[in-house]
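Let me begin by presenting the structure, written as C-alpha coordinates, before commenting on it.
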Amino acid sequence: MNRKYSKRSLKEAGQGYFFMSPTIFVLLLFILGPIFYAIFLSFNNVRLLGETSFDFVGLANYERVFDDRRAGIALWNTFKYVIIVVPSQTILAIVLAATLNAGMKGEKFFRIIYFLPTLTSSAVLTLIFMWMYNREGLVNFGLERIGLPTYDFIGDPNVALTAIMIMNIWATAPFFMVIYLAALQDIPDSLYEAAELDGAGPIRKFWSITVPHLKPITSFVVIMGVIGTFQLFDQSYIFSGGSGGPDNSTLTVVLLIYQYAFKSMDTMGYAAAIAFVLAIVILVSTLIQRKLSKEENLY
(Lines give C-alpha, C1' and ligand atoms only; values in the text may rest on other atoms or scores of the structure.)
Protein backbone atom coordinates (compact mmCIF):
# COMPACT_ATOMS: atom_id res chain seq x y z
CA MET A 1 0.00 0.00 0.00
CA ASN A 2 1.20 3.52 -0.79
CA ARG A 3 2.72 5.19 2.24
CA LYS A 4 0.33 8.09 1.78
CA TYR A 5 -2.56 5.77 2.66
CA SER A 6 -0.84 3.65 5.30
CA LYS A 7 -2.61 2.85 8.54
CA ARG A 8 -0.24 5.07 10.47
CA SER A 9 -0.88 8.10 8.27
CA LEU A 10 -4.64 7.52 8.41
CA LYS A 11 -4.46 7.22 12.19
CA GLU A 12 -2.48 10.45 12.49
CA ALA A 13 -4.93 12.24 10.19
CA GLY A 14 -7.85 10.92 12.24
CA GLN A 15 -6.25 12.13 15.46
CA GLY A 16 -5.66 15.55 13.90
CA TYR A 17 -9.26 15.88 12.76
CA PHE A 18 -10.45 14.66 16.16
CA PHE A 19 -8.57 17.43 17.94
CA MET A 20 -9.82 19.93 15.34
CA SER A 21 -13.42 18.72 15.60
CA PRO A 22 -14.59 21.31 18.19
CA THR A 23 -13.32 24.15 15.99
CA ILE A 24 -14.73 22.56 12.83
CA PHE A 25 -18.10 22.11 14.58
CA VAL A 26 -18.18 25.77 15.66
CA LEU A 27 -17.24 26.95 12.15
CA LEU A 28 -19.94 24.81 10.56
CA LEU A 29 -22.60 25.76 13.10
CA PHE A 30 -22.00 29.50 13.50
CA ILE A 31 -20.24 30.60 10.28
CA LEU A 32 -20.66 28.31 7.28
CA GLY A 33 -24.12 27.09 8.33
CA PRO A 34 -25.69 30.57 8.56
CA ILE A 35 -24.02 31.60 5.27
CA PHE A 36 -25.52 28.68 3.35
CA TYR A 37 -28.87 29.11 5.11
CA ALA A 38 -28.94 32.81 4.13
CA ILE A 39 -28.21 31.85 0.50
CA PHE A 40 -31.07 29.35 0.68
CA LEU A 41 -33.41 32.01 2.08
CA SER A 42 -32.47 34.44 -0.71
CA PHE A 43 -34.12 32.14 -3.27
CA ASN A 44 -37.37 31.93 -1.33
CA ASN A 45 -40.23 34.01 -0.04
CA VAL A 46 -39.95 33.30 3.65
CA ARG A 47 -42.14 33.68 6.72
CA LEU A 48 -40.23 32.88 9.91
CA LEU A 49 -42.56 34.59 12.38
CA GLY A 50 -45.77 32.81 13.25
CA GLU A 51 -46.40 30.07 10.69
CA THR A 52 -43.07 29.22 9.03
CA SER A 53 -43.23 28.82 5.27
CA PHE A 54 -40.82 28.73 2.32
CA ASP A 55 -41.90 29.53 -1.24
CA PHE A 56 -39.18 29.05 -3.87
CA VAL A 57 -39.04 32.07 -6.22
CA GLY A 58 -35.67 31.58 -7.94
CA LEU A 59 -33.92 34.84 -8.80
CA ALA A 60 -36.96 37.03 -8.18
CA ASN A 61 -35.52 38.48 -4.95
CA TYR A 62 -32.31 39.45 -6.74
CA GLU A 63 -34.25 41.04 -9.61
CA ARG A 64 -36.24 43.00 -7.05
CA VAL A 65 -33.02 44.52 -5.65
CA PHE A 66 -32.40 46.36 -8.94
CA ASP A 67 -35.97 47.70 -9.04
CA ASP A 68 -36.10 48.78 -5.40
CA ARG A 69 -35.73 52.57 -5.08
CA ARG A 70 -34.80 52.40 -1.39
CA ALA A 71 -32.13 49.78 -2.13
CA GLY A 72 -30.59 52.17 -4.67
CA ILE A 73 -30.63 55.02 -2.15
CA ALA A 74 -29.08 52.81 0.53
CA LEU A 75 -26.33 51.63 -1.83
CA TRP A 76 -25.57 55.19 -2.94
CA ASN A 77 -25.43 56.44 0.68
CA THR A 78 -23.13 53.57 1.61
CA PHE A 79 -20.92 54.20 -1.43
CA LYS A 80 -20.59 57.91 -0.54
CA TYR A 81 -19.79 56.93 3.02
CA VAL A 82 -17.06 54.52 1.90
CA ILE A 83 -15.29 56.83 -0.57
CA ILE A 84 -15.20 59.70 1.95
CA VAL A 85 -14.60 57.95 5.27
CA VAL A 86 -11.98 55.38 4.21
CA PRO A 87 -9.46 57.85 2.68
CA SER A 88 -10.10 60.41 5.43
CA GLN A 89 -9.58 58.01 8.33
CA THR A 90 -6.51 56.51 6.62
CA ILE A 91 -4.84 59.90 6.08
CA LEU A 92 -5.72 61.04 9.61
CA ALA A 93 -4.33 57.81 11.08
CA ILE A 94 -1.01 58.28 9.21
CA VAL A 95 -0.73 61.91 10.35
CA LEU A 96 -1.47 61.05 13.99
CA ALA A 97 0.98 58.15 13.95
CA ALA A 98 3.70 60.29 12.34
CA THR A 99 3.31 63.03 14.96
CA LEU A 100 3.52 60.50 17.80
CA ASN A 101 6.55 58.84 16.21
CA ALA A 102 8.39 62.17 15.89
CA GLY A 103 9.43 62.13 19.55
CA MET A 104 7.20 65.01 20.68
CA LYS A 105 6.91 65.87 24.36
CA GLY A 106 4.14 64.07 26.20
CA GLU A 107 3.99 61.36 23.56
CA LYS A 108 2.55 58.73 25.93
CA PHE A 109 -0.12 61.15 27.16
CA PHE A 110 -1.22 62.06 23.63
CA ARG A 111 -1.18 58.40 22.62
CA ILE A 112 -3.74 57.66 25.35
CA ILE A 113 -5.85 60.72 24.48
CA TYR A 114 -5.89 59.86 20.78
CA PHE A 115 -6.89 56.26 21.46
CA LEU A 116 -9.78 57.03 23.85
CA PRO A 117 -12.49 57.24 21.12
CA THR A 118 -11.71 53.67 20.08
CA LEU A 119 -12.29 52.42 23.63
CA THR A 120 -15.73 54.05 23.81
CA SER A 121 -18.79 51.99 22.92
CA SER A 122 -20.13 52.83 19.48
CA ALA A 123 -23.66 53.31 20.84
CA VAL A 124 -22.47 55.59 23.64
CA LEU A 125 -20.30 57.56 21.22
CA THR A 126 -23.27 58.04 18.89
CA LEU A 127 -25.45 59.32 21.73
CA ILE A 128 -22.73 61.78 22.76
CA PHE A 129 -22.48 63.12 19.21
CA MET A 130 -26.27 63.33 18.94
CA TRP A 131 -26.20 65.59 22.00
CA MET A 132 -23.39 67.64 20.43
CA TYR A 133 -25.27 67.87 17.10
CA ASN A 134 -28.54 68.92 18.75
CA ARG A 135 -29.99 72.32 17.84
CA GLU A 136 -28.90 73.58 21.26
CA GLY A 137 -25.83 71.35 21.39
CA LEU A 138 -22.13 72.05 21.67
CA VAL A 139 -21.40 72.20 17.93
CA ASN A 140 -24.10 74.76 17.16
CA PHE A 141 -23.10 76.74 20.24
CA GLY A 142 -19.53 76.94 18.94
CA LEU A 143 -20.68 77.89 15.42
CA GLU A 144 -22.92 80.60 16.82
CA ARG A 145 -20.12 82.02 18.99
CA ILE A 146 -17.83 82.53 15.99
CA GLY A 147 -20.58 83.96 13.79
CA LEU A 148 -21.18 80.96 11.51
CA PRO A 149 -24.62 79.57 10.61
CA THR A 150 -25.99 76.73 12.73
CA TYR A 151 -27.43 73.49 11.37
CA ASP A 152 -30.00 70.90 12.29
CA PHE A 153 -27.44 68.11 11.93
CA ILE A 154 -29.87 65.35 12.87
CA GLY A 155 -32.97 66.60 11.03
CA ASP A 156 -31.46 68.09 7.86
CA PRO A 157 -31.12 65.46 5.09
CA ASN A 158 -28.32 67.47 3.48
CA VAL A 159 -25.96 67.16 6.45
CA ALA A 160 -27.18 64.12 8.45
CA LEU A 161 -24.94 61.58 6.69
CA THR A 162 -21.99 64.00 6.79
CA ALA A 163 -22.45 64.31 10.55
CA ILE A 164 -22.19 60.52 10.89
CA MET A 165 -19.09 60.52 8.67
CA ILE A 166 -17.32 63.07 10.86
CA MET A 167 -18.13 61.07 13.98
CA ASN A 168 -16.93 57.81 12.46
CA ILE A 169 -13.67 59.27 11.12
CA TRP A 170 -12.90 60.68 14.56
CA ALA A 171 -13.74 57.37 16.26
CA THR A 172 -12.00 54.89 13.95
CA ALA A 173 -8.80 56.72 12.92
CA PRO A 174 -7.10 56.13 16.33
CA PHE A 175 -7.40 52.35 15.91
CA PHE A 176 -5.57 52.46 12.59
CA MET A 177 -3.16 55.00 14.09
CA VAL A 178 -1.87 52.32 16.47
CA ILE A 179 -1.25 49.96 13.53
CA TYR A 180 0.65 52.66 11.66
CA LEU A 181 2.61 53.58 14.78
CA ALA A 182 3.84 50.01 15.14
CA ALA A 183 4.87 49.98 11.47
CA LEU A 184 6.66 53.34 11.75
CA GLN A 185 8.81 52.07 14.59
CA ASP A 186 10.06 49.24 12.35
CA ILE A 187 11.47 51.64 9.74
CA PRO A 188 15.27 51.80 10.25
CA ASP A 189 16.55 55.13 11.57
CA SER A 190 19.53 54.80 9.23
CA LEU A 191 17.28 55.62 6.27
CA TYR A 192 16.24 58.93 7.80
CA GLU A 193 19.84 59.71 8.79
CA ALA A 194 21.03 59.06 5.23
CA ALA A 195 18.25 61.29 3.89
CA GLU A 196 19.28 64.09 6.26
CA LEU A 197 22.85 63.84 5.00
CA ASP A 198 21.49 64.30 1.46
CA GLY A 199 19.67 67.44 2.61
CA ALA A 200 16.14 66.06 2.74
CA GLY A 201 13.67 67.89 4.97
CA PRO A 202 10.84 66.42 7.07
CA ILE A 203 8.29 66.52 4.23
CA ARG A 204 10.67 64.93 1.72
CA LYS A 205 11.59 62.19 4.22
CA PHE A 206 7.91 61.53 4.88
CA TRP A 207 7.01 61.10 1.20
CA SER A 208 10.21 59.33 0.10
CA ILE A 209 10.79 57.01 3.08
CA THR A 210 7.77 56.79 5.37
CA VAL A 211 4.94 56.48 2.84
CA PRO A 212 6.62 53.79 0.64
CA HIS A 213 7.43 51.65 3.68
CA LEU A 214 3.82 51.92 4.88
CA LYS A 215 2.23 50.67 1.64
CA PRO A 216 1.54 47.10 2.90
CA ILE A 217 0.00 48.51 6.09
CA THR A 218 -2.00 51.04 4.10
CA SER A 219 -3.41 48.24 1.94
CA PHE A 220 -4.51 46.38 5.08
CA VAL A 221 -6.00 49.52 6.63
CA VAL A 222 -7.92 50.37 3.45
CA ILE A 223 -9.34 46.84 3.15
CA MET A 224 -10.42 46.82 6.80
CA GLY A 225 -11.86 50.31 6.39
CA VAL A 226 -13.86 49.32 3.30
CA ILE A 227 -15.29 46.25 5.02
CA GLY A 228 -16.16 48.23 8.16
CA THR A 229 -17.79 51.14 6.34
CA PHE A 230 -19.87 48.90 4.08
CA GLN A 231 -21.24 47.36 7.27
CA LEU A 232 -22.36 50.66 8.82
CA PHE A 233 -25.46 50.05 10.91
CA ASP A 234 -25.51 51.10 14.56
CA GLN A 235 -24.69 54.79 14.11
CA SER A 236 -27.26 55.17 11.33
CA TYR A 237 -29.85 53.23 13.32
CA ILE A 238 -29.42 55.34 16.47
CA PHE A 239 -29.25 58.66 14.59
CA SER A 240 -32.48 57.99 12.70
CA GLY A 241 -34.33 55.86 15.24
CA GLY A 242 -34.14 52.93 12.83
CA SER A 243 -35.87 54.72 9.95
CA GLY A 244 -32.84 55.78 7.91
CA GLY A 245 -34.19 59.33 7.85
CA PRO A 246 -34.53 62.15 7.43
CA ASP A 247 -35.74 61.47 3.89
CA ASN A 248 -33.61 58.27 3.66
CA SER A 249 -30.43 60.38 3.94
CA THR A 250 -28.86 58.04 6.53
CA LEU A 251 -30.26 54.79 5.11
CA THR A 252 -27.46 52.26 4.59
CA VAL A 253 -27.53 48.81 3.06
CA VAL A 254 -27.23 46.99 6.40
CA LEU A 255 -29.96 49.14 7.95
CA LEU A 256 -32.18 48.37 4.95
CA ILE A 257 -31.49 44.64 5.44
CA TYR A 258 -32.54 44.98 9.08
CA GLN A 259 -35.75 46.75 8.14
CA TYR A 260 -36.77 44.14 5.57
CA ALA A 261 -35.72 41.19 7.75
CA PHE A 262 -37.24 42.19 11.09
CA LYS A 263 -39.86 44.87 10.44
CA SER A 264 -41.78 43.06 7.71
CA MET A 265 -43.38 39.65 8.02
CA ASP A 266 -42.67 38.25 4.56
CA THR A 267 -39.47 39.87 3.24
CA MET A 268 -36.82 37.81 5.04
CA GLY A 269 -35.83 36.18 1.75
CA TYR A 270 -35.49 39.56 0.06
CA ALA A 271 -33.35 40.80 2.96
CA ALA A 272 -31.11 37.74 2.55
CA ALA A 273 -30.74 38.54 -1.17
CA ILE A 274 -29.65 42.11 -0.38
CA ALA A 275 -27.19 40.77 2.20
CA PHE A 276 -25.71 38.40 -0.36
CA VAL A 277 -25.38 41.22 -2.91
CA LEU A 278 -23.62 43.32 -0.26
CA ALA A 279 -21.24 40.43 0.49
CA ILE A 280 -20.35 40.22 -3.21
CA VAL A 281 -19.75 43.99 -3.38
CA ILE A 282 -17.42 43.82 -0.35
CA LEU A 283 -15.60 40.80 -1.80
CA VAL A 284 -15.08 42.47 -5.18
CA SER A 285 -13.89 45.71 -3.53
CA THR A 286 -11.42 43.78 -1.39
CA LEU A 287 -10.08 41.79 -4.36
CA ILE A 288 -9.63 44.98 -6.40
CA GLN A 289 -7.72 46.62 -3.55
CA ARG A 290 -5.51 43.54 -3.12
CA LYS A 291 -4.83 43.48 -6.87
CA LEU A 292 -3.88 47.15 -6.91
CA SER A 293 -1.60 46.77 -3.89
CA LYS A 294 0.19 43.80 -5.51
CA GLU A 295 0.74 45.80 -8.71
CA GLU A 296 2.18 48.67 -6.67
CA ASN A 297 4.59 46.24 -4.97
CA LEU A 298 5.74 44.97 -8.39
CA TYR A 299 6.81 48.45 -9.38
Side-chain angles (χ1 to χ4, degrees), residues 26-86 121-123 126 154 157 160-161 164-165 167-168 172 223-288:
V26 171
L27 289 174
L28 290 174
L29 183 62
F30 295 106
I31 298 180
L32 295 179
I35 290 174
F36 288 116
Y37 186 59
I39 294 173
F40 165 75
L41 291 180
S42 70
F43 292 102
N44 292 268
N45 277 336
V46 185
R47 287 179 64 92
L48 295 180
L49 300 177
E51 182 182 352
T52 303
S53 64
F54 301 91
D55 181 20
F56 181 77
V57 294
L59 297 174
N61 285 329
Y62 292 95
E63 294 172 356
R64 181 180 171 184
V65 173
F66 298 100
D67 296 329
D68 188 347
R69 173 180 168 273
R70 297 189 75 233
I73 293 173
L75 185 60
W76 174 243
N77 288 341
T78 305
F79 178 71
K80 286 193 298 183
Y81 188 85
V82 170
I83 62 174
I84 293 175
V85 171
V86 172
S121 166
S122 177
T126 305
I154 299 175
L161 186 62
I164 298 178
M165 291 180 187
M167 178 195 68
N168 217 308
T172 55
I223 290 172
M224 294 299 294
V226 167
I227 294 173
T229 49
F230 266 119
Q231 295 175 341
L232 174 68
F233 170 74
D234 48 352
Q235 295 96 332
S236 179
Y237 179 89
I238 297 172
F239 257 81
S240 64
S243 67
D247 194 25
N248 293 324
S249 61
T250 61
L251 183 65
T252 62
V253 176
V254 179
L255 180 56
L256 184 68
I257 293 170
Y258 164 80
Q259 291 177 350
Y260 280 127
F262 299 107
K263 287 194 172 184
S264 301
M265 296 291 291
D266 56 352
T267 53
M268 178 67 76
Y270 179 51
I274 299 175
F276 191 64
V277 170
L278 176 62
I280 293 174
V281 171
I282 294 175
L283 177 61
V284 171
S285 302
T286 303
L287 292 176
I288 292 173

Nearest atoms (heavy-atom pairs only) where Leu41 meets Ala272
CB-CB, 4.0 Å
Would the distance check show the side chain of Asn77 and the main-chain N or O of Asn248 forming a donor-acceptor pair, the cut-off being under 3.5 Å?
yes
Looking at Thr250 and Gly244, would you say the former's side chain and the latter's main chain have a donor-acceptor pair under 3.5 Å?
yes
Check against side chain to side chain contact (heavy atoms under 4.5 Å, CB included), Leu59 and Phe43:
CA-CA 6 Å; Leu59 297 174; Phe43 292 102; 3.6 Å; yes
May I have the list of side-chain donor-acceptor pairs in residues 274-287 shorter than 3.5 Å, sequence neighbours left out?
from: Ser285; atom 1: OG; to: Val281; atom 2: O; distance (Å): 2.8
from: Thr286; atom 1: OG1; to: Ile282; atom 2: O; distance (Å): 2.8

What are the two closest non-hydrogen atoms of Thr252 and Leu232, and how far apart are they?
OG1-O, 2.9 Å
Just by modelled atom types, is the Phe54 backbone N or O under 3.5 Å from a matching donor or acceptor in the Asn44 side chain?
no
Regarding Arg70 and the six-membered ring of Tyr270, is the cationic atom NZ or CZ under 6.0 Å from the ring centre and inside 45° of its axis?
no
Nearest heavy atoms of Thr78 and Val253, plus distance in Å:
OG1-N, 3.2 Å
Could you tell me if the side chain of Val26 sits less than 4.5 Å from the side chain of Ile31, heavy atoms only?
no
Identify the two heavy atoms, one from Ser122 and one from Gln235, that lie closest to each other, and give their separation to 0.1 Å.
OG-NE2, 3.6 Å
Would Ser240 and Leu255 count as a side chain to side chain contact (heavy atoms under 4.5 Å, CB included) here? Give the steps.
CA-CA 10 Å; Ser240 64; Leu255 180 56; 4.2 Å; yes
What is the distance from atom CG of Leu251 to atom OH of Tyr237, rounded to the nearest 0.5 Å?
13.5 Å
What are the two closest heavy atoms between Ser249 and Ala160, and how far apart are they?
OG-CB, 3.7 Å
Of the non-hydrogen atoms in Pro157 and Asp247, which two are nearest, and what is the gap between them?
CB-CB, 4.2 Å
Stepwise side chain to side chain contact (heavy atoms under 4.5 Å, CB included) test for Thr267 and Arg64:
CA-CA 11 Å; Thr267 53; Arg64 181 180 171 184; 4.1 Å; yes
Qualifying residues under ring-ring contact (aromatic ring centres under 6.0 Å, His included), relative to Tyr37, sequence neighbours excluded:
none
Using the ring pair (Phe, Tyr, Trp, His ring centres under 6.0 Å) rule, pick out the option among Tyr258, Tyr81, Phe239 that qualifies with Phe233.
Tyr258
To the nearest 0.5 Å, tell me how far Thr229 OG1 sits from Ile83 CD1.
10.5 Å
Kindly compute the distance separating CD1 (Ile35) from CG (Leu27), expressed to the nearest 0.5 Å.
10.0 Å
Atom CE in Met268, atom CZ in Phe262: separation rounded to 0.5 Å?
5.0 Å
